[in-house]
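Protein chains get the first letters and strands the later ones, always in sequence-line order, with residue 1 at the start of each. Worth saying up front: this structure is predicted, and the values here are computed from it rather than measured.
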Amino acid sequence: GESVGLHLPTLSVQEGDNSIINCAYSNSASDYFIWYKQESGKGPQFIIDIRSNMDKRQGQRVTVLLNKTVKHLSLQIAATQPGDSAVYFCAENLSPGGNAGNMLTFGGGTRLMVKP
Amino acid sequence: NAGVTQTPKFRILKIGQSMTLQCTQDMNHNYMYWYRQDPGMGLKLIYYSVGAGITDKGEVPNGYNVSRSTTEDFPLRLELAAPSQTSVYFCASSGNTDTQYFGPGTRLTVL
């Protein structure tokens, strides 16, 4: 079936470097994507989202890029800090605007480790 | 606002026991969800609700039941606990936007 997945299970970066976390999706009908950050022992925390009518969206130190041609999503974190160490999940909305609410399909997650 | 709260934080059950995982949100969100997260994996949707009195199955509903008598509360019931239900359970809610806000989770072990 169609699913959301991630290329790299673990990413290790030096403090201060930029991080790029990738995600591939296969459901061409999805029009909304979210990145979540999950720290150990906590629930997922919303980072940034993007709709399919955009190819780039920026937040504070984070940027999400969407390439619909190759069905690829990436999260860029600028000047990575130790507090960024966590597991990052991408998710797609299976029922955008439908009666089923806002059901999300999550990828398997990428662990980001920041070395001081 | 407290956001989404879940109780208990931890629980150990014996096979065949039952329990209810509580979830409450104070954001007046219509949509609520229950997910399970197995070690090293992403989240899988168990049940969801689009409003009080309305619930529906997600991807992995077997072995669980839910109810939604109020906007605020969305309890998840395990009737006959099985080792396969050992997991971390997250409740989430969303309002008019697509963004889901998650609770801190309940870590359940079935022995």
Quick one: sort the Tyr35(B) and Phe106(A) rings into parallel, tilted or perpendicular, breaks at 30° and 60°. perpendicular
Per-residue contact mode, Gln37(B) against chain A (heavy atom under 4.5 angstrom): side chain
Beyond-backbone contact of Lys42(A) with Phe90(B), side-chain heavy atoms, under 4.5 angstrom: no
For Ile15(B), does the CD1 atom have more than 12 heavy-atom neighbours from other residues, nucleotides or ligands under 6.0 Å away? yes
Hey, could you give me the CD/CG distance between Gln100(B) and Asp49(A), rounded to the nearest 0.5 Å? 12.0 Å
In the single-linkage hydrophobic clustering (I, L, V, M, F, W, Y; side-chain heavy atoms under 4.5 Å), do Leu21(B) and Leu43(B) co-cluster? no
Is chain B contacted by the side chain of Gln45(A), its backbone, both, or neither, given a heavy-atom distance below 4.5 Å? neither
In terms of heavy-atom contacts, does CD of Gln60(A) have more than 12 from other residues, nucleotides or ligands at under 6.0 Å? no
With a sphere of 6.0 Å drawn around NZ of Lys44(B), does it hold more than 12 non-hydrogen atoms of other residues, nucleotides or ligands? no
Heavy-atom pair with the smallest gap, counting every atom of Gly42(B) and Phe89(A): CA-CE2, 3.5 Å
Test Tyr32(A) against Thr99(B) for side chain to side chain contact (heavy atoms under 4.5 Å, CB included), laying out the working first. CA-CA 10 Å; Tyr32(A) 179 67; Thr99(B) 305; 3.4 Å; yes
Verify same cluster id: Val62(A), Leu11(A) (apolar side-chain graph, 4.5 Å): yes
Verify whether the ring centers belonging to Phe102(B) and Tyr36(A) lie closer than 6.0 Å. yes
Atom CE of Met113(A): over 12 foreign heavy atoms under 6.0 Å: no
Part of Leu45(B) within contact of chain A (heavy atom distance under 4.5 Å): side chain
Check the hydrophobic clustering (I, L, V, M, F, W, Y; side-chain heavy atoms under 4.5 Å; chains of links allowed) and say if Val88(B) and Leu104(A) are grouped together. yes
For each of Met41(B), Arg107(B), Gln6(B), tally heavy-atom pairs with chain A at distances under 4.5 Å, and name the one with the top tally. Met41(B)
